Amino acid sequence: MAREYNPKEIETKWQTEWEKSGIYQANNNSKKPKYYALVEFPYPSGVGIHLGHVRAYTAMDIIARKRWMEGFNVLYPIGWDSFGLPTENYAIKTGRQPAEITKENTDNFRAQLKRLGLSFDWSREIDTSNPKYYKWTQWIFLKFLEKGLAYKAKIPINWCPKCKIGLANEEVVDGGCERCGTSVEQKEKEQWMLAITKYAERLEKDLDSVDYPKRVKTQQKNWIGRSEGVLIKFDDVEIFTTRPDTIFGATFVVVNGKEDKFTGRFVTNPATKEKIPVWEAEYVMSDYGTGAIMGVPADDERDMIFAKKHNLAIIKEYQRAKFEDFGKRVVKYKLRDWVFSRQRYWGEPIPVIHCDKCGVVPVPEKDLPVELPKVDKYEPGPDGESPLANITEWVNVKCPNCNEQAKRETDVMPNWAGSSWYFLRYCDPFNDREFASLDKLKYWLDGDLPRHGGVDWYNGGMEHTVLHLLYSRFWNKFLYDLKLVPTSEPYKKRTSHGLILAEGGEKMSKSKGNVINPDTIAERFGADTLRLYEMFMGPFEQAIAWSEDALVGPRRFLEKVWRLQSKVSKGLTLKSETLMHQTIKKVSDDIESMGFNTAVSALMIYVNALDKQKEIFQKEFETLILLLAPFAPHITEELWASLGHKDSIHVQSWPTYDLKKLVKDEVNLAVQVDGKVRANLLVTRSQSEEEIRINVLALSEVQKWLGGKNPKKIIMIPGKIVSIVT
RNA sequence: GCCCGGGUGGCGAAAUUGGUAGACGCGCGAGACUUAAAAUUUCGUGACCGUAAGGUUAUGUGGGUUCGAUUCCCACCCCGGGCACCA
């Protein structure tokens with residue numbers, strides 16, 4: 001009697017074994033071709049990993065494992081994006097140090113991820129809130145400052161007048177402060193900015209050279225919002241338009257304002273020489289173009305609505321102008337510069353010093369990192385400054401230039417900073433002289449092919465396809481211009497996974513109490529079942545609702561695979577040879593296109609066929625578990641060992657298929673009469689079209705539906721369908 | 001409001017370039033095994049009419065193109081993601 005399938009026992013056993021042997025460690029000096037597979041590193045929140053992490057990390061794990069089996073030297077790293085607001089808020093609530101909370105959370109995350117049997121190279125773990133890491137985040141900021149791309153500007157922030165604190169958009173609920181409900185005001189504040197708009201053109205253009213899904217490219221393009229137009233002067237009001245050809249139809253001018261109102265002024269339309277009114281309205285954006293537009297109601301839907309609402313003139317027929325008749329061609333972008341300051345504690349301190357004499361002085365490189373001091377209280381400064389402003393012994397320093405009394409900058413960076421370059425650090429995670437050595441970056445990012453270089457495959461959430469992706473492309477391009485990284489684009493290929501929703505289709509959230517802990521599931525069903533289920537549950541790119549009931553399907557499947565081993569015998573004749581080759585092809589192709597649900601389904605079909613056989617030959621069974629290994633690494637390792645193999649299944653070669661053995665000789669042809677299937681006909685590959693045509697017309701069902709009439713037309717699609725039109 | 005996706009049985013879904021809609025799995029029904037239950041296993045399972053053979057109908061709604069539409073086009077409805085200080 002064979003042993004029962006006991007996932008808990010074998011999963012712990014093999015996880016320990018793999019950790020000991022270090023089989024997933026990337027090699028910096030390998031003769032094999034390299035492969036860099038990347039997933040978005042998690043924000044280590046207090047609630048632990050969620051099902052979405054399992055989905056994304058398992059998917060990339062399958063790809064990484066397949067690459068190992070295909071003979072690549074794989075880098076599949078992981079780390080922690082650990083600065084951020086929730087940890088700071090939790091620290092305020094509990095009176096504990098954010099660093100201490102982060103340590104607890106990352107320890108928990110690490111243990112949870114390890115229990116899933118992911119093939120991460122844990123020897124390269126990084127953490128954005130570790131001073132050894134953020135030293136380099138600060139260093140990169142100083143480069144931005146040095147090149148004039150970091151600057152200060154007055155920007156309105158959300159301000160709670162009662163708490164005297166700047167609020168994140170997320171902390172504003174229905175226009176009020178999340179904590180006290182007081183109406184939020186806009187307050188102008190000096191903020192550090194990064195000039196991402198200087199890179200707008202390249203960020204847009206270079207999308208052509210990368211392999212991103214179309215919808216991701218479209219999202220990025222729309223966000224950058226490139227438009228070609230002209231600047232035209234209506235007297236002293238300069239407008240921007242992408243449709244200068246419609247200028248003869250312009251009956252009013254609109255500038256940005258809080259509410260719709262007539263300014264009382266008139267300006268001259270340079271085309272018609274008519275005097276037209278200047279209005280204010282909210283629909284015209286102050287920070288796009290010149291903040292003023294010409295209103296052409298006949299050609300623009302929004303202008304039409306505005307004209308009708310306020311009884312403005314509408315000219316329906318007018319002369320078309322040439323593009324540059326009345327102004328000069330310019331390119332404008334919707335993209336705005338990046339507000340890089342946060343008046344918070346738990347982020348990278350911005351490494352500059354303010355000196356009355358010298359102005360803004362960068363912290364010298366030898367003094368990096370500017371470490372976060374420990375604090376006891378997180379109250380903001382009197383004018384809404386960061387809590388750091390209250391720590392006088394930290395704030396007061398000598399100016400590195402003139403040695404006079406000076407003050408540290410107390411703003412910290414946004415959470416996006418650390419994640420804008422982390423993929424570079426993985427290539428050389430413990431370097432203390434540079435953020436990463438160019439040699440190592442060249443090896444892992446294909447330095448010789450700048451147009452095609454970068455991380456080989458980067459998967460992450462749909463919710464990051466605009467901001468994080470754009471920010472990290474920007475940082476990479478900046479570093480590329482300084483010749484510090486080898487490729488102009490950071491990621492060769494990007495894919496995105498869909499969200500996992502709660503049962504019933506709602507978003508999972510702590511407040512709704514519908515969050516499912518992957519640990520509980522792994523405990524009850526096994527990590528292999530959880531992995532397999534998340535791959536099987538639906539299309540990877542789409543949002544999907546969790547269903548606990550459906551979990552038993554993959555579990556039963558694994559038990560069936562487990563039972564098959566008792567029927568394995570040595571033998572040469574393969575009973576399911578065609579199906580075996582089809583399965584190899586289907587699973588191999590589907591993994592590449594992230595069609596994991598159909599890959600699992602193909603494995604199920606193969607297993608069902610093997611299950612019906614009296615005996616299974618070793619090659620049929622080994623092919624099965626090799627194909628299954630990336631999905632369910634523990635059970636397949638155990639079965640592989642049970643067959644008597646001494647080395648791991650995860651270092652074996654990926655199965656290959658024989659093209660000649662993929663197709664059967666006979667095909668079932670559907671026969672349609674007037675668009676409806678009325679009969680079927682079995683044909684062989686050697687039969688001619690004419691022969692098939694005669695056989696089809698001789699079918700009794702076809703005769704019946706023709707009712708004695710002659711067909712007008714017969715359309716033949718080889719191997720698929722014959723369509724008869726009467 | 002703006003930008004990007006999606007809508008197919010009781011449920012999750014599949015369907016190559018426009019070519020037999022519903023693979024695979026869950027659930028459900030009937031049978032086998034069992035003292036019984038669980039597990040396993042066999043068969044069935046979109047809806048409607050019919051004892052059956054068979055027929056009709058069906059991919060969010062309405063229209064169009066086509067021998068043929070889940071797939072292409074137009075209009076509408078509903079759901080999800082993002083909107084720059086959540087990560």
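Just so it is clear, the model here is predicted, and its values are computed rather than measured. In the text below, chain A, chain B and the rest are named by the order of the sequence lines, each starting its count at 1.
For the C1' atom pair drawn from B:A58 and B:G46, the interatomic distance equals 8 Å after rounding to whole Å. Distance check on atom C1': B:C28 versus B:C83 gives 45 Å, rounded to whole Å. Here, B:U71 and B:U59 have their P atoms 9 Å apart, quoted to the whole Å. Across B:C86 and B:G18, the matching C1' atoms stand 44 Å from one another, rounded to whole Å. Going from the P atom of B:C72 to that of B:U20 covers 16 Å, rounded to whole Å. Taking atom P in both B:C24 and B:C76, one finds a spacing of 40 Å when rounded to whole Å. Atom C1' of B:G5 sits at a distance of 24 Å from the matching atom of B:G9, rounded to the whole Å. Nucleotides B:C11 and B:U51, compared at atom P, are 28 Å apart to the nearest Å.
For A:Glu541 and A:Thr495, the side-chain atoms include no donor-acceptor pair closer than 3.5 Å. Neither side chain, A:Glu4 nor A:Trp562, offers a donor N or O lying under 3.5 Å from an acceptor on the other. No hydrogens or angles considered: a donor-acceptor pair under 3.5 Å links the side chains of A:Ser129 and A:Ser82.
Using a 4.0 Å heavy-atom cutoff across all strands shown, A:Ile544 reaches sugar-phosphate atoms only and no base atom. If you check every strand for non-hydrogen atoms under 4.0 Å, A:Ser723 touches a base. Within the nucleic acid shown, A:Arg215 comes within 4.0 Å of sugar-phosphate atoms alone, with no base atom in reach, counting heavy atoms only. A:Asn680 comes within 4.0 angstrom of a base, heavy atoms only. Looking at heavy-atom distances under 4.0 Å, A:Ile717 makes contact with a base. Looking at heavy-atom distances under 4.0 Å, A:Trp159 makes no contact with the nucleic acid at all. Across all strands, A:Pro42 comes closer than 4.0 Å to no nucleic acid atom at all (heavy-atom distances). At a threshold of 4.0 angstrom between heavy atoms, the contacts of A:Arg556 are confined to the sugar-phosphate backbone, with no base atom among them. A:Leu669 comes within contact range of no nucleotide atom at all, as no heavy-atom separation falls under 4.0 Å. Within the 4.0 angstrom heavy-atom criterion, only backbone atoms of the sugar-phosphate kind lie near A:Lys676; the bases stay farther away. Within the 4.0 angstrom heavy-atom criterion, only backbone atoms of the sugar-phosphate kind lie near A:Val552; the bases stay farther away. If you check every strand for non-hydrogen atoms under 4.0 Å, A:His468 touches nothing. At a threshold of 4.0 angstrom between heavy atoms, the contacts of A:Asp81 are confined to the sugar-phosphate backbone, with no base atom among them. Among the protein residues, A:Gln191 comes within range of the nucleic acid bases, having at least one heavy atom under 4.0 Å from a base atom.
For the side-chain contact (heavy atoms from CB on, under 4.5 Å) criterion with A:Leu624, the lone passing option out of A:Ile616, A:Thr583, A:Val607 is A:Val607. Of the residues A:Trp192, A:Tyr199, A:Phe474, A:Trp338, the one that meets the ring-ring contact (aromatic ring centres under 6.0 Å, His included) test with A:Phe144 is A:Phe474. None of A:Tyr133, A:Tyr134, A:Phe41, A:Trp416 except one satisfies the ring-ring contact (aromatic ring centres under 6.0 Å, His included) rule with A:Trp421; the exception is A:Tyr133.
Nearer the 5' end of RNA chain B, as judged by each residue's closest nucleotide, is the contact made by A:Val722, out of A:Val722 and A:Phe340. When each of A:Leu499 and A:Ala670 is assigned the nucleotide of RNA chain B bearing its nearest heavy atom, the one mapping closer to the 5' terminus is A:Ala670.
For B:G9, the base adopts the syn conformation, since its glycosidic angle falls within 90 degrees of zero.
No donor-acceptor pair closer than 3.5 Å links the side chain of A:Ser601 to the backbone N or O of A:Asn597. The main-chain N or O of A:Asp611 is found under 3.5 Å from a side-chain atom of A:Lys567 such that the two form a donor-acceptor pair. The backbone N or O of A:Glu548 sits less than 3.5 Å from a side-chain atom of A:Glu503, completing a donor-acceptor pair.
Figure legend: A:Arg494 and A:Tyr458 shown as a cation-pi pair, the cationic atom lying under 6.0 angstrom from the six-membered ring centre and within 45 degrees of its axis.
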5'-to-3' dot-bracket of RNA chain B (Watson-Crick, G-U; under 3.5 angstrom; crossing pairs as [ ]; | other strand): (((((((..(((......[....)))((((((.......))))))((((....))))..(((((..]....))))))))))))....
Please assess A:Tyr151 against A:Asp337 for the test side chain to side chain donor-acceptor pair (under 3.5 Å), listing each intermediate value before the final yes or no. CA-CA 10 Å; A:Tyr151 64 97; A:Asp337 275 346; 2.6 Å; yes
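Taking every nucleotide of RNA chain B with any atom under 4.0 Å from a non-hydrogen atom of chain A, the first and last of them, 5' to 3', are B:C3 to B:A87.
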